[in-house]
Structures are given as C-alpha cells and as structure tokens.
Amino acid sequence: NGLFLERQGVAVGSALIWRAVVESWFAPSGEGVHRATYYIENENRSFFSASLETGDRFQAAEIDGVQVRMPPADVNLPLTIALSENQRFSVVELQWTTPFTGGWLPWIKQVRLPLPDVDLPILSNERIIHAPPGFVAADSLSGNDAARSGLSWQQRLFGPLARTTATAV
C-alpha cells in the first residue's frame, strides 16, 4: 500500500514567480536604487525575461547568487536570464536605478515606483520603500497617511498660518 503523488495541470516549459519582493531606497534628492527578488518555481522552462521603462536600465542581475553578464549600456532590450531546466526552484535578483524626474516643491518629492515587466505570472507581490530621514510616504499629494490624517493640504503646507473658516480669530 502506497500513495503516489503526481503533478497535474502544469505544462512542460512553464514557470511562475511564487513570491516577489521589490525594495526601493530613495535619496533626499529623489534618486532611487531598486532591487527585485523573484522566487521562481520552474518546470523545464529555459529562460526568464524582464524589461524596464524607457530610460531605466538594469545595473546588475543574479540567479541563485551567481552574477549575470549584463548587456551593453546603450542597449535597452529586455534582460533574458537562462534558467536551469533541471532545477525546480531558483532565485533571481535584479537591481536598477532611477533618476529624480522633478517635483513641484523642493520638500515634496513625487518619485516613480517602477516595477520590471516580467514574462512570468506573480502569485505574491511585496513592496518595501525606504524613505530618507525627514521624509514620509504618502499615498498621494493629498497626504493620506497615518501621521497627517485629518489635515488639509493648506494646513500641511502653511502649518499654523492656515486657518479654516471655523477657526476663531
């Protein structure tokens, strides 16, 4: 008496990302350094491909801790990394930088949060953002975050000088 387990419904040559973690570190000037770590389950697929928006370029890539040779700097083609067809689980790490593209006030930085476009489905995605000292992350310029809830944009911008119509003079 025994139990046989058999995988079904998986096409030969398929793969998926069962966990993706993207970390971004931002400088006070707005430039960003980003690292994406993809945990891949592979069923005989021979490659993994990722691309960035125009103007962004991968700085480094690794598969299972082994550095991948990068294409020339003037080439903006998708990055293709060979996967071991005989290895079921792999970890791919990609690193890239983004320049600061501008903000409308020097103390408000609206930064891009780019994600590589990958050719595999992602089951779980996690995003970690490291803001520089003195900055907080807000979901938009409306300032909807825990530290500022309840304040209008005028109150955040002008502080105690901002008075509402209900404020007695």
Side-chain angles (χ1 to χ4, degrees), residues 15-41 48-81 89-167:
L16 60 84
I17 297 170
W18 57 272
R19 182 175 183 222
V21 179
V22 180
E23 286 189 86
S24 298
W25 292 264
F26 290 98
S29 59
E31 286 88 14
V33 176
H34 314 277
R35 179 181 62 211
T37 306
Y38 297 109
Y39 299 88
I40 298 173
E41 182 173 359
F48 165 81
S49 185
S51 60
L52 291 170
E53 294 177 13
T54 304
D56 296 341
R57 191 174 98 56
F58 291 112
Q59 303 295 317
E62 292 181 358
I63 181 164
D64 297 322
V66 178
Q67 196 82 18
V68 174
R69 186 169 177 232
M70 301 302 293
D74 58 343
V75 177
N76 195 19
L77 296 173
L79 178 64
T80 301
I81 298 173
F89 295 99
S90 295
V91 177
V92 172
E93 212 172 78
L94 306 175
Q95 295 179 15
W96 69 99
T97 58
T98 53
F100 177 59
T101 56
W104 56 278
L105 292 174
W107 56 88
I108 297 175
K109 305 284 186 187
Q110 183 175 2
V111 294
R112 295 184 307 126
L113 294 175
L115 287 173
D117 185 25
V118 297
D119 65 346
L120 298 177
I122 299 174
L123 299 183
S124 173
N125 212 345
E126 182 179 345
R127 188 71 192 242
I128 302 169
I129 299 170
H130 303 276
F135 285 81
V136 294
D139 67 351
S140 68
L141 289 179
S142 66
N144 293 332
D145 66 336
R148 294 186 175 146
S149 61
L151 297 177
S152 69
W153 70 268
Q154 294 97 339
Q155 290 169 320
R156 288 193 324 278
L157 183 60
F158 298 111
L161 299 175
R163 297 176 193 237
T164 63
T165 55
T167 306

**Item:** Trace of the side chain to side chain contact (heavy atoms under 4.5 Å, CB included) decision for Ile128 with Val22
**Value:** CA-CA 6 Å; Ile128 302 169; Val22 180; over 6 Å; no
Can you name the residues that form a side-chain contact (heavy atoms from CB on, under 4.5 Å) with [X], not counting sequence neighbours?
X      : value
Leu113 : Phe26, Arg127, Ile129
Leu16  : Trp18, Glu41, Pro121, Leu123
Val33  : Thr97

Tell me, do [X] and [Y] make a side-chain contact under 4.5 Å, heavy atoms counted?
X      : Y     : answer
Met70  : Phe58 : yes
Thr37  : Val92 : no
Leu120 : Phe48 : yes

Determine the minimum heavy-atom distance between [X] and [Y], stating which atoms define it.
X      : Y     : result
Ala50  : Leu94 : CB-CD1, 3.7 Å
Pro114 : Glu53 : CB-OE2, 4.5 Å
Ser49  : Pro78 : OG-CB, 3.7 Å
Ala15  : Ile40 : CB-CG2, 4.3 Å

Output the distance between atom [atom1] ([X]) and atom [atom2] ([Y]), rounded to the nearest 0.5 Å.
X      : Y      : atom1 : atom2 : result
Asn125 : Leu115 : CG    : CG    : 6.5 Å
Tyr39  : Ile17  : OH    : CD1   : 12.0 Å
Trp96  : Asp56  : CH2   : CG    : 9.0 Å

**Request:** Taking Asp64 for its side chain and Val91 for its backbone only, find out whether a donor-acceptor pair lies under 3.5 Å.
**Result:**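 Yes, Asp64 side chain to Val91 backbone: donor-acceptor pair under 3.5 Å.
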**Prompt:** Going through the distances and angles, do Tyr38 and Ile122 end up as a side chain to side chain contact (heavy atoms under 4.5 Å, CB included)?
**Reply:** CA-CA 9 Å; Tyr38 297 109; Ile122 299 174; 4.3 Å; yes
**Request:** Sorted by first residue and then second, give each salt bridge (charged side-chain N to carboxylate O under 4.0 Å, His left out) pair with at least one member in residues 18-27; sequence neighbours left out.
**Result:**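 Every salt bridge (charged side-chain N to carboxylate O under 4.0 Å, His left out) pair that includes a residue of residues 18-27, provided the two are not neighbours, is Arg19-Glu126, Glu23-Arg35.
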**Message:** For Thr98, give me all partners under side chain to side chain donor-acceptor pair (under 3.5 Å), at least two apart in sequence or on another chain.
**Reply:**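 For Thr98 the side chain to side chain donor-acceptor pair (under 3.5 Å) partners, ignoring immediate neighbours, are His34.
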**Item:** Asp119: partners by side chain to side chain donor-acceptor pair (under 3.5 Å), with sequence neighbours left out
**Value:** Arg45
